[in-house]
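So that the names make sense, note that chain A is the first sequence line, chain B the second, and so on, each numbered from 1.
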Amino acid sequence: MAAWLVRRLVASIAIVFAVVTITFFVVRLAHGTPCGPAGERPLPPDVCERQRVQFGYDQPLLVQYGKYLVALRHGELGESFGLHRPVADALADAIPNTFTLALAALLVDFALGLALGIYQAVRAGRFGDVAVGNVALLVNSMPVFWLGLVLLLVFAQWLRWFPAGGIHNPILCPRLLSPYCLLDFLWHLVLPALTLGLVGAAGTARYQRAAMLEVIRQEYVRTARAKGLRERRVLLVHALRNALLPIITLFGLAFPFLFTGAVLIETVFAWPGMGRLAVNAIFQRDYPVVTGAAVLTTTMVVLGNLIADVLYAVVDPRIRVQRGGRGGGGGSV
Amino acid sequence: MTEPLLRVRDLKTYFVTEQGSGTARAVDGVSFEVQPGETLGIVGESGCGKTVTSLSILRLIPEPPGHIRPGSVIEFEGRNLLTLEPRELRAIRGNQIAMIFQEPMTSLNPVFTVGDQIAEAAIVHQGLSRRVARTRAIDMLRLVGIADPEERVDHYPHQMSGGMRQRVMIGMALVCHPKLLIADEPTTALDVTIQAQILELLDRLQAELGMAVMLITHDLGVVAGSADRVAVMYAGQVVEQAPTAALFARPLHPYTEGLLASVPRLDAPPAREHGRLHSIPGQVPAATAWPDGCRFHPRCPYAWERCRAEMPPLLDAGGEGEPGTHTVRCWLLTEPRRRTPHP
Amino acid sequence: MSVWTWLTLGGAAVLALAVVAELRRRLQTSAPGRRFFRHPTAALGLFVLAFFVTIALAAPVVAPYPPYYQIDIGHPNRPPSAQFLLGTDPFSRDVWSRLVYGARVSLGIGTLAMLVAATVGTAVGAVSGYFRRWVDATLMRLVDVGLAMPRIFVLLMAVALWEHIALWALVLLIGLTGWFGTSRLVRAEVLSLREREFVAAARALGAGAGRVIFRHVLPNAAAPIIVSGALGIGNMMLLEAGLSFLGLGVPSPAPSWGNMIADGWHKMAVAWWSSTFPGLAISLVVMALNAVGDALRDALDPRREAA
Ligand SMILES: Nc1ncnc2c1ncn2[C@@H]1O[C@H](COP(=O)(O)OP(=O)(O)OP(=O)(O)O)[C@@H](O)[C@H]1O
Ligand SMILES: [Mg+2]
């Protein structure tokens with residue numbers, strides 16, 4: 001298990017390294033300098049030249065690359081062109097917001113997706129299954145940002161149940177200090193998290209239904225029934241435990257989806273996270289910020305896959321033992 | 001005769017198959033009884049409905065596509081299992097009637113330890129604490145002849161061989177000391193040497209625990225060694241039923257005759273045709289299209305018009321013991337002179 | 001004008017129905033065809049696709065107004081009515097007309113990008129699976145990296161490097177960032193196929209690598225490629241919509257369903273229609289593509305028939 005983990009870790013680091021290298025060179029070679037193609041505000045040539053020197057763009061490419069890597073080891077991602085602060089700082093401000101949003105969405109995604117998928121599998125072929133399945137297919141086909149707009153229209157504009165965007169009430173709660181402000185924050189979180197979570201849940205339900213149907217057919221489920229167990233226990237302990245194994249893979253896959261979705265959802269809901277930061281940076285041609293966000297997101301996706309793999313190994317005794325770990329303590333029937 | 005432990009009467013289990021290829025009448029009017037403590041062997045070729053019969057007893061038929069027809073009766077100690085509430089049924093499953101399956105490789109849950117899986121039935125039915133149940137699981141593993149039970153109790157199924165898994169299945173089935181054990185081809189998937197060990201184990205445990213056993217198999221050799229009585233199934237029906245000795249001495253149904261002829265014997269050289277053991281010509285028809293009349297007639301060497309037109313009832317064959325000890329579903333009983341094969 | 005709108009709408013629906021019926025009649029003769037139409041939503045999905053393809057092809061006939069035509073700048077955001085089927089947008093353009101022309105852009109980009117992705121993915125997967133060893137190792141590491149990078153960031157970065165992005169470049173970009181999954185699929189298929197007798201026989205007869213791959217291996221790997229392609233178009237369309245929504249994809253005023261949503265976005269409170277209908281159109285088409293893709297999988301690959 002240890003050796004496998006190390007191998008897996010090395011591979012992950014290699015991937016991140018490759019992504020850093022690729023993004024660095026692509027952006028630089030495509031003249032991603034402060035004087036690159038003019039964005040909203042073209043720079044006068046002298047300012048541009050001053051900035052080139054200031055940000056170190058006059059040095060040879062390989063030297064710049066080396067410096068970037070060295071800085072990266074300290075968690076630095078260079079200096080933003082437009083924000084007048086280090087990229088790492090700007091990202092550090094945005095990450096907690098993106099993370100909260102992603103986690104809340106993940107919660108909706110899996111709680112709802114698993115429940116619906118199990119419900120569908122148990123009622124396979126009957127009305128409930130077909131109805132849920134078609135709705136899930138539709139939701140899964142919606143552009144996530146559009147669903148956000150529709151929810152905003154209905155629940156913020158028409159019904160006024162939720163705020164129309166932002167992360168907190170700027171007047172009463174500029175900062176998170178009181179229980180009231182925590183509630184205010186959660187109140188702002190509901191719609192964006194629901195949007196992202198619903199689309200995810202639609203996919204999760206499809207997957208979980210298939211996994212569960214596959215498992216329900218297995219003979220050990222019949223064995224469990226023959227033992228005289230309650231149907232609930234048969235399904236939720238004996239079947240579900242097996243059907244959850246493939247779902248862990250889905251957990252790994254959820255990360256790219258969540259971050260991709262976050263880019264759009266944060267824009268729709270004016271949520272000050274990484275995605276919105278990156279999109280704004282693009283319009284400013286602020287390449288260091290875009291690159292930094294891409295590197296960070298990749299790292300997180302790779303990390304998510306790693307976690308999923310480790311989880312898989314922990315949960316599935318067959319893999320656990322095969323990879324050298326001894327069983328024990330896992331199963332509580 | 002004493003009150004039977006299990007009485008199955010006119011059991012009909014049908015499957016509605018998809019795409020309109022019709023209804024599979026997998027079990028179609030099966031009746032038999034199991035007395036306390038005895039071993040009833042059920043034999044028949046693949047697809048004749050043995051597994052469906054045994055699953056029907058515990059109502060484990062997947063619905064849909066399957067269903068047990070109204071009018072069927074399955075009485076256990078005088079109670080009709082088919083009308084029980086789910087709660088009452090659960091109290092019987094795994095507790096009074098236990099079952100072991102054909103495939104030890106896939107019948108154990110891969111993500112739980114064998115100890116947990118054995119202990120579970122004891123916890124559910126006898127209210128044992130987890131710790132006591134674990135001790136019980138270790139005892140059961142020892143009882144079914146697994147070495148190092150203290151260590152094995154924490155193993156997962158994939159860490160065990162097929163024979164060991166079948167022993168675990170047996171331990172799991174017997175943990176609550178059921179009155180009836182249904183063993184559906186417990187040895188088919190195993191090596192020959194392991195088969196003998198498992199059968200021996202079942203015999204020993206039956207003697208120790210005093211339970212009745214329904215031993216399902218397609219191997220008459222297995223039945224000869226273990227069963228008190230035998231029911232022969234063909235195409236969803238029981239075609240002959242008799243005490244083991246009587247059946248082997250005097251098989252009356254042509255299908256039974258054929259089966260017996262295909263058993264390799266030590267005392268006579270096996271009759272080989274084309275390198276295969278003698279077997280009954282033809283194939284079992286599909287459960288969606290049983291032949292009219294006697295279902296065996298297309299493969300029967302004696303068949304005549306009546307067999308094609310009319311399904312024979314179970315007829316008493318006389319012989320030793322009370323009436324009904326030896327019954328056969330064959331018109332030959334009414335016209336014994338016809339027992340000469342057509343050219 | 002409005003009678004004509006209704007007429008063309010009905011005409012497109014009838015035509016789509018006819019296409020589905022004809023397809024059904026022809027495919028009914030083969031086993032995969034029958035399996036395809038047995039899928040509960042396959043025919044409906046085909047109908048939706050046929051309908052949108054029809055109006056896209058016949059856009060000048062179907063659309064009552066030119067897509068850029070600003071009808072009455074003084075009175076934008078008119079609600080859906082007999083005259084303006086789906087209302088007008090904040091720039092006072094007819095939403096239905098733009099939706100019709102937008103179908104060309106959105107469906108076109110989705111389809112072409114999928115073709116790019118499927119071609120590259122198939123080529124890489126086939127080469128990787130056929131030659132194995134270091135070729136395979138190198139290509140698959142590349143795929144690992146590609147799969148790890150969140151696609152939207154790659155696209156954002158790439159788009160940001162251009163001043164104005166041309167449609168063909170957008171197609172290439174979306175396609176070239178979308179082939180990684182397909183290549184893994186094809187590689188697995190090729191790896192198992194190349195061990196089969198008929199491939200070994202072809203090699204023994206002295207067929208070159210290209211001939212073996214194109215004549216013997218790929219035709220047998222076609223089913224999963226087709227299925228993943230059908231499911232892939234939807235993904236490509238969603239991606240295009242996302243980029244266009246951010247203002248980084250199809251540039252205004254050319255209509256794409258994504259930038260139509262963006263155009264109506266800030267006026268959503270007073271004119272819900274101009275963003276809602278293009279989104280519905282995307283949802284419908286992607287759902288139809290998914291349904292057809294699922295049915296194709298069941299039809300072409302009976303082993304994996306859904307339980
Ligand atoms: N789930 C099911 N759906 C449809 N038909 C079924 C199903 N299960 C069983 N059958 C039908 O019931 C018939 C009898 O099957 P059964 O499993 O009882 O045979 P068996 O005697 O146990 O054979 P084997 O020796 O192969 O175990 C089969 O021919 C099949 O057509
Ligand atoms: Mg069987």
Can you tell which of [options] has the highest number of heavy-atom pairs within less than 4.5 Å of chain C?
| options | value |
| --- | --- |
| L149(A), V130(A), T291(A), V290(A) | L149(A) |
| A210(A), A18(A), A293(A), A278(A) | A293(A) |
| V302(A), N140(A), L153(A) | L153(A) |
| V268(A), L152(A), L147(A) | V268(A) |

Original post:
Can you check side-chain contact (heavy atoms from CB on, under 4.5 Å) on Y119(A) and V132(A), steps first, answer last?
Top reply: CA-CA 9 Å; Y119(A) 169 80; V132(A) 172; 4.0 Å; yes

Subject >> For R93(C), all residues meeting salt bridge (Lys or Arg N to Asp or Glu O under 4.0 Å), sequence neighbours excluded >> reply: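 With sequence neighbours excluded, R93(C) shows a salt bridge (Lys or Arg N to Asp or Glu O under 4.0 Å) to D89(C), D263(C), given in chain and number order.
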
Subject >> Part of N134(A) within contact of chain C (heavy atom distance under 4.5 Å) >> reply: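 Contact with chain C is through both the backbone and side chain of N134(A).
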
Original post:
Which answer fits R206(A), side chain, backbone, both or neither, if we ask what part of it has an atom under 4.5 Å from a heavy atom of chain C?
Top reply: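 Interface part for R206(A): side chain.
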
**OP:** Name the orientation class of the two ring planes belonging to F162(A) and F155(A) (parallel below 30°, tilted from 30 to 60°, perpendicular beyond 60°).
**Re:** perpendicular

Original post:
What orientation do F145(A) and F245(C) show, parallel under 30°, tilted 30 to 60°, or perpendicular over 60°?
Top reply: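 Taking F245(C) first and then F145(A), their aromatic rings lie parallel (interplane angle under 30°).
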
**OP:** Evaluate the side-chain proximity of M114(C) to I174(C): yes if any heavy-atom separation is below 4.5 Å, no if none is.
**Re:**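 Contact flag for I174(C)/M114(C) side chains = no.
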
Picking from [options], which has the most non-hydrogen pairs under 4.5 angstrom with chain A?
| options | answer |
| --- | --- |
| L248(C), T41(C), V285(C), I152(C) | I152(C) |
| L246(C), L289(C), D294(C) | L246(C) |
| I282(C), L147(C), L280(C), V154(C) | L280(C) |
| G234(C), G247(C), G242(C) | G242(C) |

Original post:
Are R151(C) and T177(C) linked by a side-chain donor-acceptor pair shorter than 3.5 Å?
Top reply: yes

**OP:** Ignoring hydrogens and angles, state whether a donor on the side chain of S183(C) or R187(C) is under 3.5 Å from an acceptor on the partner side chain.
**Re:**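 No donor-acceptor contact under 3.5 Å links the two side chains.
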
**OP:** Determine the sole option in D298(C), L46(C), L300(C) for which the side chain to side chain contact (heavy atoms under 4.5 Å, CB included) test with F36(C) is passed.
**Re:** L46(C)

Original post:
side-chain contact (heavy atoms from CB on, under 4.5 Å) between L284(C) and F51(C): does it pass, once the steps are laid out?
Top reply: CA-CA 11 Å; L284(C) 266 182; F51(C) 175 77; over 6 Å; no

Subject >> Set of ring pair (Phe, Tyr, Trp, His ring centres under 6.0 Å) partners for F277(C), sequence neighbours left out >> reply: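 Counting only residues at least two positions away or on another chain, F277(C) forms a ring pair (Phe, Tyr, Trp, His ring centres under 6.0 Å) with W272(C).
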
**OP:** Could you tell me which portion of N235(C) (side chain, backbone, both or neither) has an atom closer than 4.5 angstrom to a non-hydrogen atom of chain A?
**Re:**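 Contact with chain A involves no heavy atom of N235(C) at all.
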
Do [X] side-chain atoms and [Y] backbone N/O form a donor-acceptor pair below 3.5 Å?
| X | Y | answer |
| --- | --- | --- |
| R104(C) | A56(C) | yes |
| W96(C) | T88(C) | no |
| Q120(A) | D129(A) | yes |

Subject >> Interface residues of residues 294-301 of chain A facing chain C - heavy atom cut-off under 4.5 Å >> reply: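 Checking residues 294-301 of chain A against chain C gives A294(A), T297(A), T298(A), V301(A).
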
Original post:
Around F99(A), counting heavy atoms of other residues, nucleotides and ligands shown, do more than 12 lie under 6.0 Å from its CZ?
Top reply: no

Original post:
Does CH2 in W161(A) sit with more than 12 non-hydrogen atoms of other residues, nucleotides or ligands closer than 6.0 Å?
Top reply: no

Original post:
Is any residue of residues 137-146 of chain C within less than 4.5 Å of chain A by heavy atoms, and which ones?
Top reply: D144(C), V145(C)

